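Proteins come first, then strands; the chains are lettered A, B, ... in the order of their sequence lines, and each starts at number 1. These numbers were taken from a predicted model, which means no experiment stands behind them.
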There are 2 protein chains.
Amino acid sequence: MPAQSHDINAIRKFNRFYTNVIGLVNDHILHSPYSLAEVRVLYEVKHTRNCTARQIMRAVTIDEGYLSRILNRFVQRGFVKRTKSRRDRREYFLTLTKSGEAKFARLNDASSKSVQAMVKHLSPLELRQLLTKMDGIQHILSKERS
Amino acid sequence: MPAQSHDINAIRKFNRFYTNVIGLVNDHILHSPYSLAEVRVLYEVKHTRNCTARQIMRAVTIDEGYLSRILNRFVQRGFVKRTKSRRDRREYFLTLTKSGEAKFARLNDASSKSVQAMVKHLSPLELRQLLTKMDGIQHILSKERS
DNA sequence: AATAAATACTTGACAAAGTCAAGTATTTAT
DNA sequence: ATAAATACTTGACTTTGTCAAGTATTTATT
């Protein structure tokens with residue numbers, strides 16, 4: 001169903017708008033000692049069961065070698081622990097150490113604060129509407145492959 | 001009005017989701033010989049009246065020196081023309097040359113195609129709903145400073 | 001079982017992207 | 001007239017990201 005160019009333009013306008021929103025929200029990370037990629041990796045390690053480098057690559061689009069080095073740094077700094085898989089000894093399971101958890105928690109709080117700031121002026125109704133619309137967009141765009 | 005943490009989490013989830021959407025849509029640019037920053041600069045030169053480097057910096061968050069070099073490259077490749085302002089001889093007005101316009105048009109078409117692909121499977125109703133929700137989000141988040 | 005192909009990850013060499021601070025020219029404020 | 005601010009440039013640098021080759025191990029093929 002080919003959308004009219006004016007619809008496409010509206011979507012592109014939203015994309016530009018939301019790119020800026022995300023930029024503002026991510027600003028605290030840019031001013032932190034970690035890159036966006038690093039934070040996303042930490043997030044995946046935290047939230048993925050039996051996390052391996054492969055799994056992270058599936059979730060985040062990132063170069064294999066680059067990821068390897070990011071993980072090395074995290075291991076060196078003591079945030080992430082690698083344990084060789086028994087089933088397949090090419091791969092490692094990745095977990096957060098205690099201090100990795102703490103580091104993640106701090107980054108996470110900062111991110112939440114940042115999002116909090118973005119909606120703090122909204123009325124309860126507006127907030128509810130915002131959430132509904134976000135949910136709707138995810139719903140519509142998720143069944144992309146039909 | 002402090003939002004509940006579960007609302008904040010829902011927004012963050014949407015942010016992650018839409019970061020990926022934007023990533024997919026921008027993929028063609030990543031595989032083009034231009035960087036995202038360069039394309040945004042070209043966009044600003046195209047759409048800003050009496051465009052100067054300063055104006056671009058206002059629209060796009062970008063380092064002054066980096067921008068200067070991007071503009072230099074565009075001038076060298078003949079996409080952008082600098083004309084010294086009479087009113088203030090420190091600044092230059094930036095315009096697209098004929099070939100800059102052509103280059104921009106091609107990048108622009110590719111971006112549209114990319115967005116087109118993202119919604120091509122949607123029914124007319126879904127598309128209409130998507131646009132309404134996008135518009136609503138912009139509306140809600142735009143009156144941020146109240 | 002032996003060989004080939006595929007997979008998970010690492011490493012070296014490099015290129016691109018982005019940052020920082022100092023410098024030039026010009027304009028505006030004191 | 002002098003100082004401060006503004007617009008832009010440049011050099012030196014760091015970070016970020018990419019590419020391709022390499023190692024170890026597992027899976028598929030004959």
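- In this entry the distance linking CD1 of Ile62(B) with C1' of dC20(C) reads 15 Å, nearest Å.
- Between Asn72(B) and dC8(D) there is no side-chain polar atom (N or O) within less than 4.0 angstrom of OP1 or OP2.
- Following rounding to the nearest Å, Tyr92(A) (OH) and dA24(D) (C1') show an atom-to-atom distance of 9 Å.
- Within the structure, a side-chain polar atom (N or O) of Arg82(A) is placed less than 4.0 Å from OP1 or OP2 of dT10(C).
- Across the protein-nucleic acid pair, Arg86(A) atom CZ and dT25(D) atom C1' stand 17 Å apart, rounded to whole Å.
- Annotation: Arg73(A), atom CZ; neighbour count of heavy atoms from other residues, nucleotides and ligands within 6.0 Å is above 12.
- Remark: His6(A) NE2 is loosely packed, at most 12 non-hydrogen atoms of other residues, nucleotides or ligands lying under 6.0 Å away.
- Relative to the side chain of Arg89(B), the nucleotides dT26(D), dG18(C), dT27(C) differ in distance, and dT27(C) lies closest.
- Across the interface with DNA chain D, nearest-nucleotide mapping of Asp88(A) and Tyr66(A) shows Tyr66(A) to be the residue nearer the 5′ end.
- Put simply, Arg90(B) has no side-chain N or O that comes within less than 4.0 Å of OP1 or OP2 on dC8(D).
- In this entry the distance linking CD of Glu91(B) with P of dT26(C) reads 13 Å, nearest Å.
- Map Arg87(A) and Tyr34(A) each onto its nearest nucleotide of DNA chain D; the residue landing nearer the 5' end is Tyr34(A).
- The backbone N or O of Gly78(B) sits less than 3.5 Å from a side-chain atom of Ser99(B), completing a donor-acceptor pair.
- Distance CD1 (Ile70(A)) to C1' (dT10(C)): 14 Å, rounded to an integer number of Å.
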(message) For Watson-Crick and G-U wobble pairs within 3.5 Å on both distances, what is DNA chain C written in dot-bracket notation, | included for inter-strand pairing?
(response) ||||||||||||||||||||||||||||||
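- Of the candidate nucleotides dC20(C), dC8(D), dT10(C), dC20(C) has the atom nearest to the side chain of Asp63(B).
- The number of heavy atoms from other shown groups lying within 6.0 Å of CZ (Arg77(B)) is above 12.
- One interatomic measurement links the two molecules: NE2 of His31(B) to C1' of dT18(D), which rounds to 12 Å at whole-angstrom precision.
- Among Val45(A), Leu96(A), Val41(A), Thr97(A), the one residue that satisfies the side-chain contact (heavy atoms from CB on, under 4.5 Å) test with Phe74(A) is Val41(A).
- Separating the CD1 atom of Ile56(A) from the P atom of dA8(C) is a distance of 13 Å, rounded to the nearest angstrom.
- Side-chain contact check for His139(B) and Asp135(B): no donor-acceptor pair (N or O, by modelled atom type) lies under 3.5 Å.
- Remark: C1' of dT16(D) and CG of Leu36(A) are 12 Å apart, rounded to the nearest angstrom.
- Separation of the Phe14(B) and Tyr18(A) ring centroids falls under the 6.0 Å cut-off.
- Between dT7(C) and Arg58(A), no contact under 4.0 Å exists linking OP1 or OP2 to a side-chain N or O.
- With values rounded to the nearest 0.5 angstrom, Phe17(A) atom CZ is found 5.0 Å from Leu141(B) atom CG.
- Listed nucleotides dT16(D), dG18(C), dC8(D) differ in distance to Ser35(A); the shortest reach to its side chain belongs to dT16(D).
- At a cut-off of 3.5 angstrom, counting only N and O atoms as typed in the model, there is no donor on one side facing an acceptor on the other between the side-chain of Arg69(B) and the base of dG18(C).
- Looking at heavy-atom distances under 4.0 Å, Arg54(B) makes contact with a base.
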